[in-house]
Novice: 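I'd like to ask you about the structure that follows.
Along the sequence shown, residues carry numbers from 1.
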Amino acid sequence: MQGLFHHCILQIALDTPLNAIFDYRWHCDAGEQPQVGQLALVPFGRREVMGLIVGVAAETDVPAEKLKDALAVRSQLGPLSPEWLALAGFAADYYQRPLGEVALPGLPKNLRVLTTVALDRALKKLAKLDAPHDGTPLNMPQLNPSQQEAADAIGGAAGFKPTLLYGVTGSGKTEVYLQSCAQVLEREPDAQILILVPEINLTPQLEGNIRARFPGVMLATLHSSLSEGERMLHWLAAHQGKARIVLGTRLAILASLPNLKLIVIDEEHDPSYKQQEGLRYSARDLAVWRAWQLGIPIVLGSATPSLESWHHAQSGRYRKLELRERAVKNAVLPQVKLLDMERDKPKDGLTSHLIAAIKQRMERGEQSLLFLNRRGYAPVICCESCGWISECTRCTSFMVLHRPEHRLRCHHCSLEMRIPRHCPTCGNVDLQPLGRGTQRVEEGLQAMFPEARVLRIDADSTRKKGSAQAAFDTVHRGEVDILIGTQMVAKGHDFKKLTLVGILNPDTALFSQDYRASERLFAQLMQVAGRAGRSAQTEGGSTSEVLIQTRYPQHPLYDAVVRHDYDHFASALLEEREQAALPPYLFQALLRAEAPELATAIEFLTIARDCVEHPGITINDPIPMSMTRVHNVDRAQLLVESASRPMLQAFLREWLLTLREMKSRVKWSLEVDPLDI
Ligand code: ADP
Ligand code: ZN
Ligand code: ZN
């Protein structure tokens, strides 16, 4: 050391596409050495960017005249822990991305753009934020024996204990989570708990429940609809250990939680735990790794677990706990019936049987829910005289008719136009809507039941901020007789007066090329069916019903839904997957390429396929993606498979080095453990 000041070298990870860690010089004040895990502002090209200090050294190989000075170190912010850095490092390795590209976007944006002054101000604001006052906690209901057993097993667990909480819809899983949390918080004064949910907007009840249960505990939420300022404040509260419960969506898995002691993942099978762009990570898988790294318990809850988790439970890697019955006294699972659309031809999309059932609910003052996973009025319009149909000019898909707005819209590239007055090819003025979306069903219902209060909830009806919540509140207040909606209405809600669920048109998923389609359909049907009859049986003694309209009433998938039989369905699917050598018995990665012409994309993938040796790895032929063209770009893919995860990982590492060298103009990306193939 030379006198009071000396230089050190900061090794800094930046959010750049290359797997690069850059060296910068830093003048240290005496006694104030920057620490690994702190953020530093550095010059990069012509910009100033925030980077993450991953090493501090005395020397560097970079010649002195090329070495640049770091501009500032955010020393007022405690460093990210070595465990957090290891998590980011693992994610970077596993998903084959540069560390900086994982670690930095995982932080709130404001943390990366704030000036020192603004950061100081935010920290002051946080310091003033007291833990909420110790009010009287809302009474915890008396758990039933299976709930109690589960809560004790989870809350009392020590060490890495992954638990699959397999409980039918309405079995009171939330209560189990809350009481497990209570045990942990009571036992360990500083403990932090991370609770992940698929979509926070659809589970506002949970946030309220947590606040009511733990009035003296600071709760921070982390999800994409927070403002940047809020997100930063909540993130800091977690980072400083002040927030003891963090409730968030998938992005919360990268939160800094220095005292993390328990992770809860609700609806663990939900596809929204998988990020579908950029760093395509699975928050569920990272959560399991994080729990393993910290040696803490993790609980994965679902009525229809993912086959991956089910497989782990069967093989004993996860402990399985079951809740077989509904928690509310006298509430029973709804009766599921199949309505054969060949025998009972639908009118306005509804069979006479379903119409009668809705009528019955209306008379009894109960609510009905109709589920149709297709928004808009009709998926396509056509000309009956020449056969023209409303295709999107930019995508391999159709323009959807939105009648209230008098528009045609492509749901993939957002192209919009007025409804043409006449057929663009033959001039015929009689263009017909083909098929049925939620808007059209709403119209039909209103005509059939003029006195009914019909409400549609889908992405179109809830564009304005807060409108979804307002719509759900109307249902909760009992001001709706018939609710029609997409998957937005299928999740989580606990509508007390709902005793009928009608499912329209689920058949298309039965014949999808995607081998996961049936797993998903089953989960979706069970979930929406689970909205019915959650309260005690109604006074008339009627049981709740789920009516599925189908052309294939003999299909084994529906048979399993009727019997509420996930166990056998899952076992059968797993057997099929094993025989067909599919995940979870096989590990996959997908290389995607995009180009203005399909041939260019395929050519790139062909070269990629042939450029490396690959013992133990199967590389399939490049093929166009099932939806080939989106927004004037053609897309193709190459599927890579191996029976060994480490072998696949090693191969991908090598392969990427080669691919990055190929100076191709094709835009490509790699996804590990892809969900959609
Ligand atoms: P799940 O998440 O398993 O679908 P919930 O946790 O939403 O189920 O619980 C369903 C309903 O049962 C809720 O209204 C909840 O308040 C109620 N409930 C849960 N546990 C109990 C219990 N032990 N006694 C009475 N009601 C309960
Ligand atoms: Zn025509
Ligand atoms: Zn389009």
Side-chain angles (χ1 to χ4, degrees), residues 138-144 146-147 150 165 167-179 181 195-213 247 264 266-270 301-304 323-336 361 364-371 455 457 462 468-503 523-539 542-546 564:
L138 208 70
N139 275 344
M140 300 232 176
Q142 183 71 37
L143 295 186
N144 64 39
S146 351
Q147 282 177 310
L165 181 63
V168 297
T169 52
S171 58
K173 294 186 283 295
T174 314
E175 212 50 59
V176 172
Y177 305 145
L178 293 179
Q179 302 215 15
C181 293
I195 304 178
L196 295 184
V197 292
E199 274 159 84
I200 213 145
N201 293 323
L202 302 181
T203 47
Q205 285 164 314
L206 182 58
E207 188 179 336
N209 279 343
I210 297 176
R211 288 191 198 283
R213 278 314 163 68
L247 172 65
V264 174
D266 191 23
E267 307 290 0
E268 68 89 29
H269 64 279
D270 199 290
S302 176
T304 51
L323 305 177
R324 294 182 170 278
E325 264 139 43
R326 285 203 154 169
V328 171
K329 207 160 179 248
N330 292 333
V332 287
L333 283 174
Q335 263 185 23
V336 182
R361 267 37 184 215
R364 288 197 213 133
E366 296 168 5
Q367 294 175 317
S368 305
L369 167 93
L370 299 186
F371 172 70
L455 179 69
I457 299 187
T462 55
Q469 194 44 48
F472 288 122
D473 288 344
T474 328
V475 187
H476 283 298
R477 284 199 304 269
E479 291 164 14
V480 172
D481 301 310
I482 310 173
L483 175 64
I484 158 93
T486 54
Q487 55 172 350
M488 278 185 75
V489 300
K491 291 183 185 176
H493 303 286
D494 201 358
F495 302 125
K496 304 274 187 249
K497 286 174 71 184
L498 190 83
T499 59
L500 173 68
V501 168
I503 299 174
Q524 200 168 50
L525 293 178
M526 292 301 273
Q527 197 157 35
V528 64
R531 297 313 103 210
R534 294 169 72 85
S535 299
Q537 282 177 35
T538 42
E539 280 148 39
S542 60
T543 42
S544 52
E545 278 182 311
V546 176
H564 297 277

Novice: Could you check E545 against R361 for side-chain contact (heavy atoms from CB on, under 4.5 Å), going step by step and ending with a plain yes or no?
Specialist: CA-CA 11 Å; E545 278 182 311; R361 267 37 184 215; 3.3 Å; yes

Novice: May I have the step-by-step check of side-chain contact (heavy atoms from CB on, under 4.5 Å) for R326 and L333, ending in yes or no?
Specialist: CA-CA 7 Å; R326 285 203 154 169; L333 283 174; 3.6 Å; yes

Novice: Minimum heavy-atom separation for G533 and A331, please, with both atom names.
Specialist: O-CB, 3.9 Å

Novice: Write down the atom of H269, the atom of A523, and the distance for their closest heavy-atom approach.
Specialist: CD2-CB, 3.9 Å

Novice: Walk me through whether I210 and L178 qualify under side-chain contact (heavy atoms from CB on, under 4.5 Å).
Specialist: CA-CA 7 Å; I210 297 176; L178 293 179; 3.8 Å; yes

Novice: To the nearest 0.5 Å, how far apart are CD in Q524 and CG in D270?
Specialist: 9.5 Å

Novice: Charged N to carboxylate O below 4.0 Å: is that the case for E175 and R213?
Specialist: yes

Novice: Within the structure provided, determine whether Q487 and E199 are in side-chain contact (heavy-atom separation under 4.5 Å).
Specialist: no

Novice: Which heavy atom in V176 sits nearest to a heavy atom in A150, and how many Å separate them?
Specialist: CG1-CB, 3.8 Å

Novice: Please confirm whether the backbone N or O of G172 pairs with a side-chain atom of Q147, one donor and one acceptor, at under 3.5 Å?
Specialist: yes

Novice: Applying the side chain to side chain contact (heavy atoms under 4.5 Å, CB included) criterion to L247, which one of I195, L196, V264, D266 satisfies it?
Specialist: I195

Novice: Taking all heavy atoms of A490 and all of F371, pick out the closest pair and write down the distance.
Specialist: CB-CE1, 4.1 Å

Novice: Would you call K491-E267 a salt bridge at under 4.0 Å N-O?
Specialist: no

Novice: Looking at every heavy atom in both V501 and V528, which two are closest together, and how far apart are they?
Specialist: CG2-O, 3.6 Å

Novice: Working to the nearest 0.5 angstrom, can you tell me the gap between T174 OG1 and Q179 CD?
Specialist: 11.5 Å

Novice: Calculate, to the nearest 0.5 Å, the distance between atoms OG1 and CZ belonging to T499 and R364 respectively.
Specialist: 6.0 Å

Novice: Enter the distance from K497:NZ to S368:OG here, rounded to the nearest 0.5 Å.
Specialist: 11.5 Å

Novice: M526 vs H564, test: side-chain contact (heavy atoms from CB on, under 4.5 Å). Steps then yes/no.
Specialist: CA-CA 8 Å; M526 292 301 273; H564 297 277; 4.0 Å; yes

Novice: How long is the span from the CG atom in L165 to the CD atom in E268, to the nearest 0.5 Å?
Specialist: 10.5 Å

Novice: Which pair of heavy atoms, one from G478 and one from Q367, lies closest together, and at what distance?
Specialist: CA-NE2, 3.7 Å

Novice: Any side-chain donor paired with an acceptor under 3.5 Å for S146 and R324?
Specialist: no

Novice: Distance from T304 atom OG1 to L525 atom CG, nearest 0.5 Å?
Specialist: 10.0 Å

Novice: According to the interplanar angle, ranging from 0 to 90°, do the rings of H476 and F495 count as parallel (below 30°), tilted (30 to 60°) or perpendicular (above 60°)?
Specialist: tilted

Novice: Can a donor-acceptor pair be found, under 3.5 Å and without considering hydrogens, that links the side chain of K173 to the backbone of G167?
Specialist: yes

